[in-house]
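Everything on this sheet refers to the single structure shown next.
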Amino acid sequence: MQLSGIDEEKGRVRVWLGKEYKLFDFHPYFYIHVQKEGGIEDLLRDQENILNIEPQRKRLFGKELEVYKVTFEDQKSMNSCKRELSDNEIFEEDIPLTRRFLVDNKLVPYGDVSLEKGEIRTEKERSGRELKLFAFDIETHTRNIIDSKKDPIIAISIATSGGRKDVIISKDEKEIIEKFVSAFNEEDPDVVLTYNGDSFDFPYLVERAKKNKISLALGRDGSAVNARRGGVRDTYTIAGRDTVDLYRIVERDLQEVKVKTLDNVAEYLGVMRREDRVLLENDELFELWEKGEIKKIEEYTIDDVISTLEIGKKLLPMQIELCRLVKQFLTDCSRMGRGRQVESYLMYKAAERNELIPPRRYVQSEHMYEGGYVMEPERGLFENVVVLDFASMYPNIMIAYNISPDTYVEGGDEEHCYISPSKHAFLKQPDGFFRQILKELIEERKRLKKSAKSSVDALRQQTIKILTNSFYGYTGWGGARWHKLECAEATAAWGRYTIKKVIEEARKRGIEVIYSDTDSLFCVEKGDMRSFAEEMNSQLPLELEMRERYKRIFFAGKKRYAGLQDDGSIVVRGLEVRRGDWCELAKKLQEEVINTILREGDVEKARNMVIEAIDRVKSGKAGVEELTIYKSITRSIDSYETAQAHVAALKRAMDEQQDIEFSNKIGYVVLEGKGKISDRTKISSTLSDKDRIDKDYYIENQIIPVALRILEHFGITKEELLGKKQQNLEKWFSSQG
DNA sequence: ACGGGTAATGC
DNA sequence: GCATTACC
């Protein structure tokens, strides 16, 4: 039987086991530390619905603590007791009951479970049964600004892993929603997929169902879709099933995709090419509907829903492994930040080790601390450069020096403690909570990497890496239950100490180190670099590895370089090519310049490319797509202190009631005119024939800076690129002799 | 709502 | 000089 959903009921939980619900008595509990005289009986005398009181010895941040485990009939009784006894130290009262049930019974989401004498337990972590996926996407009748109170749904498209593809389209909204509900229940999915469903499809559907007096009964128990209150947006849940908003995963995990629209992400993941699909703007959709051209709308919405389903197929395997690893439901895990995922795992492990789970709180970080060491590179071109780096440097430092929230001691001595270069002390004995866990995880990862039997093992190995690499940041985060800034400070300090030590040792051996960032060093190749790494490894509790070798590499500053690797591939870091806030034309040009310099060493050719690009802009041949600059909106529009170009553009568009595609990324162009740039920006999708692009802006502020970033190091000047001054340019490489 | 370090633009 | 963004 496959475990695929747990829901809460009064005093019990309902577990969906593939075919049916099973009910288990399960009651909430918390731990309380009693300091007052009179003891626990006195304290709890007036409290109602207590089922059990049990003394226990627990640990909290390394200290032994006597607590009582108090079990209540139901959540309500526990909450009221918690409020009344808020002067006391109460722990673990904020763990949701369903999560508690999962953890206490050591269940694994989507694992195979068995029942024995009323007990449930996981038999196999991975069930052989395929999950049934169901993706949907809604279209609405919207002219300008979307309004769920007014604009009806005109179509809902559906795609399932079983191969069903449908568009429910009608002028009768009630009929659409009813057909949708019955189609949904026919399919009886395990996982419901949307792209931005938490912000759009679900709230809209709920609102319209309410308007039409239809119950959105999608739950396995017949219950309606539920909106769980969240900070920025709600999480929509369905009893007995998981919901996944793929947009939230993409936002968190696909940093390399700059504009995260459904079509862009589908293209990036190789699911559907933009040129192969129907794309409609909101106003076009409106026009088509008005004219009754249904066919095109159907094609469009089916492409959207197929993209959603296929993106889901690509992203879900990793998400499922992650939720299994951290023992969290897919619905929750897929929406959590890295910090909370780490924490979910820690909470699970805490129970195993008799550690109390510290309360959740948010502290404004007490003070800033020093992070990784970044060396200022000499700018320009180098040849035959080898990169050495420490594998998982921070987790390994934490293991090596037993850095953990429970081993930190104020004013610890050298005999009993490891003292960091930042003068923080950590007990040498016993193994800290984090050391135990990190050791386990790294061992497991090594094992999986060695065997690597299946693609699932490969995924599992990757999720372990993601998790272990997040521990350092987690300790430094003010929102962490196990927040301990000293741990983060000490880890970073040992990191700086170690990398500087290695740089020094390299230089002693005549190896030229040209750049270093946190855990890596770039060296001009000299003899056998591997033997140097091995020598370091014999002296350090960490592992220095030879990662890659560049035939040529160009440095434009800290965290900004481009290199040609031995295998012929080009790596670019930090430069404008990698950034979403430069126009495509400039980025493309920089990429070509980099390629030309690194592969051919032909500065003159690169220069001519720039001149050509300038000509293209001058003659008006460059398209709007190539000139659009994307920037994020990071807060409410009114709370901006300065008039940013993209914010100003958005404000103007909103004032004019123009329809704008949902997105926190604003794509804009700069138009002709005088004064501030922010006064003459316009959202690309609202451009009309009358609008004149500011060619000078694009030449002066996009093309020239991006080109000079590279070419100024090869003797090229701005005047030369603009054709103002002819220079008899020698090829840079020959002048270098 | 994982960390700090860094460069860059535009007001 | 500061606010803002996006990168490593």
Side-chain angles (χ1 to χ4, degrees), chain A residues 230-233 248 251-252 255-256 258-259 335-346 360-365 367-377 379 389 393-395 398 466-493 495-496 515-520 555-561 571-582 586-587 629-635 639-648 664-666 670 675-681 697 700-702 704-706 708-709:
Chain A
V232 187
R233 56 197 140 188
R248 291 176 75 156
E251 238 185 354
R252 187 189 58 209
Q255 299 305 115
E256 59 271 43
K258 307 299 174 194
V259 183
R335 289 169 173 85
M336 283 176 163
R338 283 280 173 254
R340 291 282 170 238
Q341 288 174 345
V342 169
E343 191 159 275
S344 180
Y345 188 73
L346 289 174
R360 237 202 220 197
R361 61 207 166 132
Y362 285 93
V363 290
Q364 202 59 6
S365 68
H367 59 94
M368 277 282 242
Y369 68 93
E370 203 179 334
Y373 168 67
V374 186
M375 188 180 129
E376 182 69 54
R379 292 167 198 223
D389 72 354
M393 185 196 227
Y394 283 176
M398 294 175 94
I466 291 169
L467 198 69
T468 51
N469 285 340
S470 306
F471 273 64
Y472 155 74
Y474 175 80
T475 61
W477 173 41
R481 289 176 191 265
W482 278 275
H483 171 58
K484 198 55 96 182
L485 200 66
E486 291 84 354
C487 290
E489 279 191 87
T491 306
R496 290 193 302 275
Y515 180 59
S516 167
D517 185 349
T518 311
D519 61 354
S520 64
F555 283 96
K558 287 177 173 179
K559 297 183 191 285
R560 318 185 111 223
Y561 59 85
V571 172
V572 182
R573 299 272 178 252
L575 293 166
E576 286 77 2
V577 192
R578 301 271 298 181
R579 300 180 62 99
D581 54 354
W582 288 77
K587 292 201 291 179
I629 298 162
Y630 291 93
K631 277 208 172 84
S632 300
I633 297 286
T634 60
R635 63 191 80 173
S639 52
Y640 277 94
E641 285 184 45
T642 51
Q644 299 264 357
H646 64 303
V647 182
N664 59 350
K665 280 264 196 248
I666 303 299
V670 178
K676 287 185 294 184
I677 290 161
S678 57
D679 287 339
R680 46 200 175 82
T681 51
Y697 172 84
E700 286 283 331
N701 299 46
Q702 293 277 320
I704 299 276
V706 153
L708 283 182
R709 196 90 59 223

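Here is the naming used below: chain letters follow the sequence lines, and residue numbers restart at 1 for every chain.
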Regarding [X], tell me which of base, sugar-phosphate or nothing describes its non-hydrogen contacts under 4.0 Å with the strands shown.
{"X": "A:E343", "value": "nothing"}
{"X": "A:W482", "value": "nothing"}
{"X": "A:H483", "value": "nothing"}
{"X": "A:V374", "value": "sugar-phosphate"}
{"X": "A:T475", "value": "nothing"}
{"X": "A:R635", "value": "sugar-phosphate"}
{"X": "A:G371", "value": "sugar-phosphate"}
{"X": "A:Y373", "value": "nothing"}
{"X": "A:S470", "value": "base"}
{"X": "A:G574", "value": "sugar-phosphate"}
{"X": "A:G478", "value": "nothing"}
{"X": "A:R578", "value": "sugar-phosphate"}
{"X": "A:T634", "value": "sugar-phosphate"}

Can you tell me how far [atom2] of [N] sits from [atom1] of [X], to the nearest Å?
{"X": "A:Q702", "N": "B:dT9", "atom1": "CD", "atom2": "C1'", "answer": "10 Å"}
{"X": "A:Y640", "N": "B:dG10", "atom1": "OH", "atom2": "P", "answer": "16 Å"}
{"X": "A:I466", "N": "B:dG3", "atom1": "CD1", "atom2": "P", "answer": "18 Å"}

Taking any atom under 4.0 angstrom from a heavy atom of chain A, which nucleotides of DNA chain C are the first and last to qualify, 5' to 3'?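 Contact boundaries, 5' end first: C:dA3 to C:dC8.
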
For the side chain of [X] and the backbone of [Y], is there at least one donor-acceptor N/O pair under 3.5 Å apart?
{"X": "A:S344", "Y": "A:R340", "result": "no"}
{"X": "A:R496", "Y": "A:G372", "result": "no"}
{"X": "A:Y472", "Y": "A:M393", "result": "no"}

Look at the side chain of A:R560 and decide which nucleotide, out of B:dC11, B:dA7, B:dT6, has an atom nearest to it.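 The closest nucleotide is B:dA7.
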
Closest to side chain of A:P705, choosing from B:dG4, B:dG10, B:dT9: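 Closest nucleotide to the A:P705 side chain: B:dT9.
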
Short side-chain N/O contact to B:dT6 OP1/OP2 from A:K558, under 4.0 Å: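 Yes, because at least one side-chain N or O of A:K558 sits under 4.0 Å from OP1 or OP2 of B:dT6.
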
N or O in side chain of A:R709 less than 4.0 angstrom from B:dT9 OP1/OP2: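 Yes, A:R709 has a side-chain N/O under 4.0 Å of OP1/OP2 on B:dT9.
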
DNA chain B: 5'-proximal contact among A:W477 and A:G372 (nearest heavy atom):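 The residue whose closest nucleotide sits nearer the 5' end is A:W477.
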
With a 4.0 Å cut-off on N to O distance, would you call A:E576 and A:R579 a salt bridge?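 A salt bridge is absent here (no side-chain N lies under 4.0 Å from a carboxylate O).
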
